[in-house]
Amino acid sequence: MRIGVPRETAEGERRVALVPEVVRTLTGSGLDVVVERGAGAEAFIPDAQFEDAGATLTDDAAAVWQSDVVVKVAPPSTEETGRLGSGSVVIGFLAPLTNADGVRALASAGATAFAMEAVPRISRAQSMDALSSQSNVAGYRAALIGAQEMGRFYPMLMTAAGTIRPATVLVLGAGVAGLQAIATARRLGAVVQGFDVRSVVKEQVESLGATFLEFDLGGDLEGEGGYAKELTPEQQAKQQELMAEAIGRVDVVITTALVPGRRAPILVTEEAVRKMKPGSVVVDLAGEAGGNCELTEPGETVVRHDVKIVSPLNLASTMAEHSSQLYARNIQALLDLMVRDGALTLDFDDEIIAGACITRGGEIVHEGASKAVAAASA
């Protein structure tokens, strides 16, 4: 059985799907791994390290895509999907709820496609949870961006010239990215608050040394898979009003709130930005889904009302070496479930394999992806 690792072609994507330590494990178990030359270059992993780990290097991208299993980071382009052999397996981030054309192309190619973001969020699948591993990177990076862009100290400093008070940071959304942002900002010495509509995460926020900001919006707001439910219009209006007052009292706001398959909720209104003191910063991690700040311009840094609003895209890719290491281990854990005695054995009675599968036998078999494709075609 051969596993192919192509070079990523999506703009700005620096990660690679497998790293040498994982390749060594796979080849040691009798699998063949073929890597396109330069696949790890942007993650500072030279070809020689892949060769030392037992991989075969090739300049022929088409040959890589003809492997039994192709592992990717970013969704394959139309050209890449066209290189897949009928019956090939492809694993990667496929954006099944927002990439209708890509999903249709995978189905048309006859590929069996597994989306890493569709891996069920259950205990047995934690080692395969690539959303969490990459969100950890994004949350860490977001805290550093806030510190860099603010132009003031994060920690309290006691000097001969007097005492500098610590910065105040508010993190909106206490998922994996939010919790990592809280932890990193605390390590840097800031006074940190965390907010989430799910009161169940209060203990996690407080365990990191932050204060949990609470608003009574009514009802249980935790949805499936540990994500927050989408708020009603009335709840959104109430939250925005209360949030504006809290935002006006802090130096840095880091937003991480997402609802799968939907536009990101607006948590930071223009009025809230107006209330912030000059020189404050908003770091919006939800830019790829439209942004949590009303003034966000995805992928850009803008200044509005003397407040800097930063909306970085694909933050995990900016730390490509470690992001790739974590992602490759997620891929390895999923492959361990799929491979028996050196052969691909897909057990669709297994809830992980069935839940992560997007296309199979020329059909779109994932319910959410099927609905998204139908909606895009309407």
Side-chain angles (χ1 to χ4, degrees), residues 1-8 15-40 45 47 49-76 80-94 105-107 109-116 118-119 124-125 127-130 324-363 365-366:
M1 178 183 144
R2 186 172 70 178
I3 299 171
V5 184
R7 184 171 186 164
E8 298 292 326
R15 292 169 290 181
V16 62
L18 292 183
V19 297
E21 67 172 270
V22 171
V23 169
R24 182 172 287 107
T25 299
L26 296 174
T27 56
S29 63
L31 302 177
D32 294 328
V33 179
V34 57
V35 178
E36 185 178 355
R37 289 190 187 277
I45 304 173
D47 290 339
Q49 290 187 16
F50 284 109
E51 284 190 305
D52 290 344
T56 300
L57 275 293
T58 181
D59 292 310
D60 186 356
V64 176
W65 283 92
Q66 289 294 311
S67 301
D68 301 301
V69 178
V70 177
V71 291
K72 283 270 294 149
V73 180
E80 289 171 331
T81 299
R83 291 173 170 172
L84 285 167
S86 179
S88 292
V89 171
V90 61
I91 301 172
F93 283 127
L94 304 180
L106 287 166
T112 302
F114 294 91
M116 294 303 291
V119 170
R124 191 165 64 90
S127 61
M128 310 165 202
D129 188 354
S324 297
Q325 288 179 9
L326 296 171
Y327 183 73
R329 291 167 189 164
N330 297 141
I331 292 282
Q332 179 186 359
L334 184 57
L335 287 172
D336 286 345
L337 194 64
M338 296 178 167
V339 178
R340 291 288 180 272
D341 299 323
L344 189 66
T345 306
L346 298 177
D347 178 9
F348 287 97
D349 289 328
D350 186 292
E351 63 181 318
I352 296 174
I353 290 178
C357 188
I358 306 301
T359 65
R360 179 187 178 198
E363 302 291 335
V365 297
H366 185 274

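Side chains are part of it too, since the values below use all heavy atoms of this structure and drop only hydrogens, waters and symmetry mates.
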*asked:* Give me the atom names and distance for the closest heavy-atom approach of Trp65 to Pro76.
replied: CH2-CB, 3.8 Å
*So do Ser88 and Thr112 actually touch side chain to side chain, heavy atoms under 4.5 Å?*
no
*Are any non-hydrogen side-chain atoms of Val69 and Val339 less than 4.5 angstrom apart?*
no
_Chi angles and distances behind the side chain to side chain contact (heavy atoms under 4.5 Å, CB included) call for Val71, Leu18_ = CA-CA 8 Å; Val71 291; Leu18 292 183; 3.9 Å; yes
*Please name the pair of heavy atoms, one in Gly85 and one in Gln66, separated by the smallest distance, quoted to 0.1 Å.*
N-NE2, 3.6 Å
*Does some side-chain heavy atom of Val5 sit less than 4.5 Å from a side-chain heavy atom of Val16?*
yes
*Do the side chains of Leu337 and Arg124 get nearer than 4.5 Å, heavy atoms only?*
yes
*Heavy-atom pair with the smallest gap, counting every atom of Ser127 and Ala333*: OG-CB, 3.4 Å
*Is Arg2 paired with Asp68 through a side-chain N to carboxylate O contact shorter than 4.0 Å?*
no
*asked:* So Thr359 and Leu94, do their side chains get closer than 4.5 Å, heavy atoms only?
replied: no
*Keeping the roles fixed (side chain from Thr27, backbone from Ala53), state whether a donor-acceptor pair exists under 3.5 Å.*
yes
*Interatomic distance, Met1 atom CE to Asp341 atom CG [nearest 0.5 angstrom]*: 12.5 Å
_Side chains of Val90 and Phe114, heavy atoms from C-beta outward: is any pair under 4.5 Å?_
no
*Reported CZ-to-CZ distance for the pair Phe50 and Arg24, which is rounded to 0.5 angstrom*: 11.0 Å
*List the steps and the verdict of side chain to side chain contact (heavy atoms under 4.5 Å, CB included) for Val35 and Thr56.*
CA-CA 6 Å; Val35 178; Thr56 300; over 6 Å; no
*Taking NZ, NE, NH1 and NH2 as the nitrogens, is one of them in Asp347 or Arg340 under 4.0 Å from a carboxylate oxygen of the other?*
no
*Look at the side chain of Asp47 and the backbone N and O of Arg37, then say whether any donor-acceptor pair between them is shorter than 3.5 Å.*
no
*Kindly compute the distance separating CG (Leu106) from CD1 (Ile358), expressed to the nearest 0.5 Å.*
9.5 Å
_Value rounded to 0.5 Å, distance of OG1 in Thr345 from CD1 in Ile353_ = 9.0 Å
*asked:* For a 4.5 angstrom cut-off between non-hydrogen side-chain atoms, does Ile3 reach Val23?
replied: no
*Out of curiosity, Arg329 CZ to Asp336 CG, how far, rounded to the nearest 0.5 Å?*
13.5 Å
*Is any side-chain heavy atom of Ile91 closer than 4.5 Å to a side-chain heavy atom of Met338?*
yes
*Locate the shortest heavy-atom distance separating Val119 from Ala125; write the atom from each residue and the value.*
CG1-CB, 3.7 Å
*Please report the closest heavy-atom contact between Thr81 and Ala105, naming both atoms and the distance.*
CG2-O, 3.5 Å
*Other residues, nucleotides, ligands: >12 heavy atoms within 6.0 Å of Arg83 CZ*: yes
*Which pair of non-hydrogen atoms, one from Glu36 and one from Ala61, has the smallest distance, and what is that distance?*
OE2-CB, 3.6 Å
*Once you round to the nearest 0.5 Å, how far does CG of Asn330 lie from CD of Gln325?*
12.0 Å
*Check the pair Val89 / Val70 against side chain to side chain contact (heavy atoms under 4.5 Å, CB included), numbers first and verdict last.*
CA-CA 6 Å; Val89 171; Val70 177; over 6 Å; no
_Between Lys72 and Glu8, does any side-chain N to carboxylate O distance fall below 4.0 Å?_
yes
